[in-house]
Every structure is written in structure tokens, then in C-alpha cells.
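This chain uses plain numbering: 1 for the first residue, then up along the sequence.
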Amino acid sequence: MDHYDSQQTNDYMQPEEDWDRDLLLDPAWEKQQRKTFTAWCNSHLRKAGTQIENIEEDFRDGLKLMLLLEVISGERLAKPERGKMRVHKISNVNKALDFIASKGVKLVSIGAEEIVDGNVKMTLGMIWTIILRFAIQDISVEETSAKEGLLLWCQRKTAPYKNVNIQNFHISWKDGLGFCALIHRHRPELIDYGKLRKDDPLTNLNTAFDVAEKFLDIPKMLDAEDIVGTARPDEKAIMTYVSSFYHAFSGAQKAETAANRICKVLAVNQENEQLMEDYEKLASDLLEWIRRTIPWLENRAPENTMQAMQQKLEDFRDYRRLHKPPKVQEKCQLEINFNTLQTKLRLSNRPAFMPSEGRMVSDINNAWGCLEQAEKGYEEWLLNEIRRLERLDHLAEKFRQKASIHEAWTDGKEAMLRQKDYETATLSEIKALLKKHEAFESDLAAHQDRVEQIAAIAQELNELDYYDSPSVNARCQKICDQWDNLGALTQKRREALERTEKLLETIDQLYLEYAKRAAPFNNWMEGAMEDLQDTFIVHTIEEIQGLTTAHEQFKATLPDADKERLAILGIHNEVSKIVQTYHVNMAGTNPYTTITPQEINGKWDHVRQLVPRRDQALTEEHARQQHNERLRKQFGAQANVIGPWIQTKMEEIGRISIEMHGTLEDQLSHLRQYEKSIVNYKPKIDMLECDHQLIQEALIFDNKHTNYTMEHIRVGWEQLLTTIARTINEVENQILTRDAKGISQEQMNEFRASFNHFDRDHSGTLGPEEFKACLISLGYDIGNDPQKKTGMMDTDDFRACLISMGYNMGEAEFARIMSIVDPNRLGVVTFQAFIDFMSRETADTDTADQVMASFKILAGDKNYITADELRRELPPDQAEYCIARMAPYAGPDSVPGALDYMSFSTALYGESDL
């Protein structure tokens with residue numbers, strides 16, 4: 001108050017002393033002061049429902065003077081005297097003058113008697129003192145106040161207007177452009193300033209006075225003619241009128257600032273809510289797709305045919321090529337959106353976003369891991385099933401061939417063994433029957449191996465779950481039962497022949513020798529025909545070469561076999577000679593065997609025909625295996641280039657993320673260019689996919705020319721795309737953190753330089769000891785407790801770090817800080833979270849109290865706000881946003897429709913429920 005009194009004495013009381021020394025005013029100034037002061041007083045008195053007409057007459061009784069002071073001060077004065085006598089009037093005026101003096105204003109040469117007597121000079125001086133105290137004194141601009149502050153405000157507001165130069169409160173305003181500039185600066189839509197001319201002051205002044213009265217609620221206090229017609233307009237009149245502009249525009253500016261602050265806060269909240277909704281929808285859709293896909297991949301119902309299994313393999317290829325890649329991108333984008341949202345929430349001082357139960361990033365990663373596990377098992381199952389069906393088809397065909405040959409051989413054998421021809425045969429016939437039976441036994445023994453092979457193939461078909469196993473088993477059982485019966489019948493016939501052999505001694509040794517040599521040779525030819533017609537399955541050049549070598553070895557035995565054939569035919573020819581020579585009655589057939597020379601020659605010719613066919617089949621298969629080998633080499637050559645390229649790019653991205661080259665924007669631009677070059681490499685991946693498809697269609701299951709499989713390439717490519725996208729997102733988040741927290745580029749470089757210096761293995765993370773050394777290098781004192789090498793600080797390490805930097809860590813305070821830096825409750829603190837926490841202490845962020853204060857301004861200092869006030873001050877969408885979420889106000893001063901902006905403000909920052 002002492003400072004105010006001395007300043008008031010020095011700055012404001014000088015005009016009153018002037019009146020004491022010279023009570024005569026310039027008539028023009030007096031006229032201007034009368035009009036200006038009268039209009040100024042009426043602008044306040046009309047709030048109380050009254051006004052004055054004559055300034056020196058209407059204040060004589062002191063009643064309207066006291067009312068004026070109550071209106072402009074907002075305080076109640078002493079009760080006025082209602083009497084009409086002079087003493088009553090003097091008492092009322094004195095109460096008014098005492099109130100003015102109580103406000104620190106020293107009144108010089110102004111007494112109640114002069115006011116009551118209608119002294120114009122004293123009355124104007126008193127009104128000017130009131131104007132100074134209540135309209136000008138509180139003006140403050142850049143550490144200047146009152147008259148100097150008002151003049152500085154005018155100069156600042158009119159500075160952009162080249163034809164306006166405000167240096168005082170008299171002649172600087174004569175051309176009217178100063179008033180027009182003030183209005184145009186704050187309300188450019190009210191005046192077309194470009195059409196004003198400096199040489200037309202009357203038009204300029206009247207335009208400003210009319211617009212101010214009509215649109216700004218500033219009464220017309222001056223006459224344009226008086227100002228233009230006076231060499232030096234009255235300074236007090238000009239100051240009074242200009243101060244009305246200051247108060248009109250300063251109030252609007254406060255409301256605009258408050259509205260802008262609310263708009264900014266609401267816009268952030270609306271954007272964050274939209275990001276949350278987008279995350280929830282994207283996460284829900286991705287999880288639903290995974291839920292639908294996993295049962296399909298886990299379905300292991302086998303098919304009976306190769307065609308059906310090939311279709312399943314084709315469906316799986318479509319899934320890997322067409323359906324899964326977009327979902328990989330969606331998963332990557334979901335993680336990016338989640339990290340960006342959390343960063344924006346931290347920067348806007350909002351609580352961390354917690355997705356709905358089951359939709360956390362970790363939940364999606366777990367579901368994705370289950371999907372890939374099912375996918376891996378499904379592909380392995382498909383390939384195994386195809387191999388199994390291929391093996392089954394081969395075995396089934398082999399079973400049918402061997403069974404058909406055996407059944408053809410056994411046809412009629414049981415009837416032959418049941419014959420009783422020996423009962424009426426001669427001795428020679430008996431001996432012939434006995435030898436014939438011995439030849440049959442030799443033939444039967446030769447067929448034992450084929451029966452065992454048939455049984456073994458049937459057993460293998462059962463073990464491999466062949467779909468037609470019942471018919472195979474039935475046929476095999478029939479063959480085995482028949483074979484057992486043949487053995488029993490053979491043994492029974494031998495016993496009968498041996499009993500009769502004693503009676504029959506004659507035997508044709510030559511026929512017997514023929515039968516003995518013809519039977520194995522016949523079996524050899526049948527085996528050769530069976531082998532030459534046997535199907536084969538090979539997968540490598542070496543396997544087909546082995547078959548070719550075996551075939552060449554077989555062909556090398558043909559000359560010896562031909563000699564044996566000629567020898568057997570020679571025996572038959574010699575028999576014919578003996579029969580012809582000795583006229584032996586042999587009934588035209590060999591009694592010991594049914595194999596005729598014609599049959600031997602026919603089978604021999606068939607074997608010779610099958611050999612070139614086998615040559616052609618082996619040649620064709622050799623060509624196919626050569627083609628497969630070229631496919632292997634072609635795939636291996638590309639895979640051996642693409643695999644190391646992907647690994648190199650992964651290492652280069654890791655180096656880019658930890659090296660410092662230019663600003664964060666430069667690094668971001670570099671990474672985006674790097675991402676573009678990686679995407680441009682996609683055609684080579686697609687070309688490799690085409691080669692891989694050709695390999696699978698050719699049923700090639702291994703490749704010795706490369707260690708890379710298509711699955712390795714796919715996984716590496718997906719990891720490369722995910723890594724570059726995540727690295728770009730990390731740099732974008734660092735830019736957001738730097739800009740929002742006010743961290744300079746030099747600070748960011750210092751943090752990164754320290755981080756890189758202690759990152760010895762260039763892994764992009766710091767172990768506990770490296771991290772401790774990094775903090776100490778930045779000026780923090782950390783204890784030497786051993787830590788696990790996780791690349792992050794656990795809870796106890798972080799508490800020690802904070803205490804070492806001067807924080808007083810109680811349990812509640814530490815829990816609060818941990819909820820900020822570790823919103824997901826992982827128990828660790830990352831480098832980014834640590835930087836966020838250290839920088840937020842000095843960041844200029846909005847708070848619930850600031851938003852609450854802004855709403856209070858819009859509400860006119862009330863504890864509540866109405867819907868009409870919100871719609872008037874805020875944009876329509878944000879006004880409706882507030883109205884829909886604000887709770888009704890329940891205070892004692894509530895009115896209908898009152899809304900509680902205080903609880904709404906705290907809810908925006910997570911301090912209560914919205």
C-alpha cells in the first residue's frame with residue numbers, strides 16, 4: 001500500500017494540482033471532458049438502471065455519485081442521506097470522497113462544498129480521479145502500468161499498421177486511424193481498414209465511434225468534429241475513451257484464451273479416444289481371424305488320395321501367400337498404433353491406455369505364437385501325409401501285382417494235387433508222377449518267398465493305415481490259407497507217391513532233368529518279368545543311377561541265361577529224339593512238368609521286349625531327376641543370396657538405430673529411404689516363392705545345395721519388415737518426446753552418445769552395469785549393487801537411481817512414479833520411459849487445475865457452467881462433447897441446467913471417473 005500511495009501521488013495527483021493552480025479550462029477541452037465523462041459515467045450507471053444528463057448538476061446531491069462508485073467498485077458504501085437540505089447533500093458527497101480516499105487516492109483541492117455548489121471544474125476533476133483509479137490504474141502491460149501501460153498497449157496493438165503512430169493521448173488520435181486500427185486488430189470483420197484514408201479524419205472517427213457503440217458496447221464519448229476542430233484534443237477525454245477499448249478487448253481475449261485451452265484439451269481427448277477405439281477394433285478383428293484359422297491348421301483328418309492331399313497343400317500355399325501376409329502387416333501396425341497412443345497419452349499427461357481384457361499386445365503375441373506353432377505342425381503333417389500316401393500307392397500296386405502273379409500260379413494247383421491218377425498208372429507213370437511232384441515241390445519252394453513278400457507288404461499297408469486295408473487283408477488271408485492248404489496237399493500226395501514208388505521203378509530221367517532245369521529257369525523269367533515291370537520311386541540322381549546300374553548288371557546276365565535256355569531246349573529236343581527213336585508213348589507231354597519249350601520261348605521273348613522298355617523308363621526318370629536337380633540348384637543359388645542379404649539388412653538396421661548421424665528427422669528420413677529399398681527387394685522374394693512352388697510340385701523334399709528353406713526366408717523377410725517398421729516408430733516416438741518435453745537436439749545427442757558408448761556389444765540395449773556407468777557419466781550417483789544383465793532397471797535399481805538424484809522415495813510416492821514409467825506393470829524401466837520421466841518434470845503440460853480455471857473464466861466466475869455458455873464459447877462438436885459428459889451441478893448455488901465442470905476437468909486427467 002505504501003508503494004501504491006507514492007506512485008499514486010507521483011503519477012495521478014499531478015492533474016488535480018493543475019486544477020488548483022489554474023481553475024480555467026480551455027473551452028474546447030471542457031466540452032470534450034463533459035461529453036466524455038458523462039458518457040463514461042452513464043455506461044456504468046445504466047447497469048443500475050439510471051443515468052445523468054448534466055454532470056455538474058446530477059452529482060450535487062451525492063446520491064448518483066455514491067451509486068456510481070458502488071457499481072464500478074462492486075462494494076457497498078455507507079447508507080446515503082435522503083434529505084433535500086444542503087447538509088444532507090454535503091454528507092453524501094463526503095461519503096463518496098472518503099470512499100475514494102480509502103482506495104489510496106489523495107484528493108487535492110476537491111471538497112464536498114464545490115461539488116454540491118455545481119463547480120464544473122471540481123466536478124470534472126473528481127470524475128477524472130475516479131476514472132484514473134478504477135479504469136486506468138489497474139492496466140498493466142510489460143511491467144508498465146496506468147497511463148504508460150495503456151499507451152504501450154495501444155502502441156503494441158497498432159504496430160502492424162504503417163499509417164498509425166501512437167505517441168500520446170491527444171494529436172496522435174486526430175485522424176481516427178488509431179481507433180480504427182484498435183478495432184480492426186481485434187475484430188477485423190467490423191471495419192474494412194483498407195478503404196480508410198488518412199486525409200478523411202471525420203469519416204474515420206465516426207466509423208470507429210459508430211462501430212464501437214454498435215458492436216463493442218462502448219458508448220460514444222467523443223464528437224468527431226470537436227477532435228478535428230481542436231488543435232490539441234483533451235488528453236483525459238481521449239484516455240477515458242481508449243481505456244474502454246482496453247477493457248472491452250482484454251476481457252474478450254481472456255475468454256478466447258480460455259476457450260482455446262479447453263478446445264486443445266478436448267481435441268487431445270477426442271483423438272485419444274478414437275485411437276483407443278481403432279486399437280480395440282483392429283485387435284478384436286485380428287484375434288477373431290486367429291481364432292478361426294487355428295482350428296483349420298490343427299485339423300489332421302487324413303485323406304485317402306494323393307489328389308485330395310495335394311489340394312490341401314495348395315490351400316495351405318494360398319494361406320501363406322495371400323491370407324497371412326496382410327495379417328502380419330495388421331499385427332505390426334497394431335503394435336505401432338499401441339506404442340504411438342501410449343506416447344501421446346504420456347505427452348498429454350493422460351493415464352496409460354489399458355486395452356480390454358484379452359486384447360493386450362502380449363495376448364495378441366501369444367495368440368500369434370499359437371498360430372505359427374499350429375502352422376508349422378500343419379505343414380509338416382501335410383508333407384508326411386503326401387509321402388505316406390505316395391508310399392501306400394506304391395505298396396498297394398506292388399501287392400496287387402504280386403498277388404495276381406501268385407494267384408495265377410496257384411490256379412488249379414489244389415485240383416492237381418487232389419488227383420488220384422497214380423492209382424491206375426504204370427510204373428513209369430508213377431515214377432513220372434513222383435518226379436513231377438518233386439518238381440512241383442521245387443516250384444512251391446521257389447514261390448515261398450513271394451508269399452512272404454505279399455504278407456510283408458500287407459503288414460506294412462496296415463501299419464501305414466491304408467484306407468483299403470480290409471480288402472488287402474482279406475486277399476492276403478485267402479492267399480495264406482491257400483498256401484497252407486497247398487503245403488498240406490503236397491505233403492499228402494508225396495506220401496502216396498512214395499508208397500507207390502516201390503511198385504514203379506521206371507522213370508524217364510531225361511524228362512526229370514528237363515523239369516528240374518525248366519522250373520527254376522521259368523521262375524527266374526517270371527521274376528525277371530516282374531522286376532522289369534515293377535514300378536519305382538526315386539528322389540535323387542544317385543537313386544536312379546543305382547537302379548540303372550542294377551539294370552545294366554541284369555542285362556549282363558542275359559547271355560548266360562540264353563545259354564541255359566538253349567540247354568533246356570536241348571534236353572527237350574533230345575527227349576523227342578529218344579521218343580522218336582524208341583517209339584516211347586509219352587502222350588505228347590512231359591509227365592514231370594507243365595512247362596513247355598513254347599512257354600519258355602514265349603516268356604524269354606517277353607523278357608527281351610521288356611528290357612528296352614525298362615531302359616526307356618529309367619532314361620525318362622533320369623531326365624526328370626536331372627530337371628529336379630536343376631530346380632534344387634536354381635533355388636539354392638537364389639536362397640544363398642537372399643538369406644545373407646536379409647541378415648545383413650537386419651544388422652545394418654541395428655547399427656542405424658544406435659548410431660548418431662544428424663538430427664532425429666535425418667535419421668527418420670534415412671530409415672524411410674532404407675525401408676523403401678527393402679520393399680523394392682520384394683520381387684526377388686516372389687521369384688524365390690515361384691521356384692519353391694515348382695520344387696514342391698515336383699515333390700522334391702530335400703536340397704543339399706542350400707541350408708535355407710523357404711520358411712527360413714519367409715520368417716526372415718517378415719522379421720526384416722517388422723524390424724524396420726518398429727525402428728521407424730521408435731524414432732518417431734523420440735521426436736514426439738523431444739518436441740513435447742522440450743529436449744534440445746544437443747541433449748538428445750548427449751543421451752544417445754552416452755548410451756552408445758556403453759553399449760559394448762552394439763545390441764541396442766544396456767546391461768545393468770553398462771546402464772549404471774551411463775547414468776554416472778550423466779552426473780548421477782548409483783550404487784554398485786550387482787544386477788542381472790536384462791538391458792533394463794528393475795524396481796529396486798530404479799528406486800536407488802531416483803534416491804541418488806535427490807528424490808525422497810516413500811512407498812506411496814515410489815508406487816506413483818512406477819505407475820508412470822511402468823504402466824503395464826512389467827517390473828522393469830526402459831530407456832525411453834526413464835527419459836520420459838526425467839523430462840516431464842520440466843515440461844509445460846496442461847493440468848486439471850488449469851482446465852478448471854479456464855472453465856471458470858467461461859462461466860463468469862461461477863462454480864457451474866450452462867449448456868448455452870458452452871455452445872457460445874466452444875466449437876459445436878466440442879461443446880456437445882462437454883454437455884454429454886458433464887454431470888449436473890449439485891451445489892447450493894445451482895440453477896436449472898447447471899453443469900459441473902470441476903469433476904469433468906479432473907476426470908480428463910484420470911483423477912476421477914468421466
Side-chain angles (χ1 to χ4, degrees), residues 12 15-16 30-84 88-103 105 107 110 112 114-139 150 209-210 212-223 226 234 236-252 860-861:
Y12 305 133
E16 284 68 13
E30 180 179 340
K31 179 182 178 182
Q32 292 175 14
Q33 287 187 13
R34 276 175 178 272
K35 181 176 180 61
T36 301
F37 291 178
T38 299
W40 184 86
C41 291
N42 285 334
S43 69
H44 294 286
L45 287 173
R46 68 184 177 187
K47 298 177 184 177
T50 186
Q51 64 179 6
I52 61 173
E53 297 295 334
N54 190 312
I55 195 167
E56 68 267 25
E57 290 295 328
D58 292 347
F59 284 139
R60 290 180 64 186
D61 61 1
L63 294 176
K64 290 187 176 180
L65 179 60
M66 294 179 68
L67 181 60
L68 174 64
L69 291 171
E70 288 183 345
V71 170
I72 63 179
S73 68
E75 301 180 19
R76 297 288 295 178
L77 275 67
K79 185 177 181 181
E81 300 288 341
R82 295 296 178 181
K84 301 295 184 180
H88 296 142
K89 297 177 180 180
I90 292 174
S91 175
N92 288 337
V93 173
N94 276 326
K95 290 177 181 178
L97 296 177
D98 292 340
F99 178 80
I100 295 172
S102 71
K103 296 302 180 182
V105 180
L107 298 173
I110 299 178
E114 286 85 355
I115 305 302
V116 173
D117 292 336
N119 187 313
V120 177
K121 312 304 189 288
M122 293 302 175
T123 301
L124 292 175
M126 177 189 66
I127 297 302
W128 172 242
T129 301
I130 294 173
I131 292 172
L132 280 174
R133 173 59 183 85
F134 293 101
I136 299 176
Q137 174 185 325
D138 293 332
I139 295 175
L150 182 60
F209 296 163
D210 293 339
E213 185 176 35
K214 182 178 181 181
F215 297 99
L216 303 179
D217 199 26
I218 298 174
K220 191 173 183 179
M221 300 180 184
L222 302 171
D223 285 329
D226 294 341
D234 180 68
K236 300 175 180 60
I238 298 295
M239 284 181 64
T240 301
Y241 189 56
V242 171
S243 68
S244 298
F245 282 89
Y246 173 87
H247 291 293
F249 290 135
S250 63
D861 288 337

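Between the OG atom in Ser73 and the CD1 atom in Ile100 there is a gap of 10.0 Å [rounded to 0.5 Å].
Glu30 and Gln32 are not linked by any side-chain donor-acceptor pair at a separation below 3.5 angstrom, with hydrogens and angles left out of the test. Asp234 and Gln33 share a donor-acceptor pair across their side chains, judged by distance under 3.5 Å alone.
Asp861 is linked by a salt bridge (Lys or Arg N to Asp or Glu O under 4.0 Å) to nothing, counting only residues two or more places apart in sequence or in another chain.
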Legend entry - salt bridge (charged side-chain N to carboxylate O under 4.0 Å, His left out) between Glu114 and Lys121, worked out: CA-CA 9 Å; Glu114 286 85 355; Lys121 312 304 189 288; over 6 Å; no
Legend entry - side-chain contact (heavy atoms from CB on, under 4.5 Å) evaluation trace for Ile115 with Glu56: CA-CA 7 Å; Ile115 305 302; Glu56 68 267 25; over 6 Å; no
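Ion pairing between a basic and an acidic side chain is recognised when a charged N comes within 4.0 Å of a carboxylate O; Glu75 and Lys103 show such pairing.
Using cut-offs of 30° and 60° on the angle between ring planes, the pair Phe245 and Phe249 is tilted. Tyr241 and Phe209 have perpendicular rings, their planes meeting at more than 60° on a 0 to 90° scale where under 30° would count as parallel.
Side-chain contact between Pro219 and Asn42: absent, with no pair of heavy atoms (C-beta onward) separated by less than 4.5 Å. Between Ile218 and Trp40, the closest side-chain pair of non-hydrogen atoms is not below 4.5 Å. Under the 4.5 Å side-chain criterion, counting only non-hydrogen atoms from C-beta, Met126 is in contact with Leu65. Residues Leu222 and Ile238 are in side-chain contact: their nearest non-hydrogen atoms beyond the backbone lie under 4.5 Å apart.
Residue pairs meeting the salt bridge (Lys or Arg N to Asp or Glu O under 4.0 Å) criterion with at least one member in residues 59-73, sequence neighbours excluded, are Glu57-Arg60, Glu70-Arg76.
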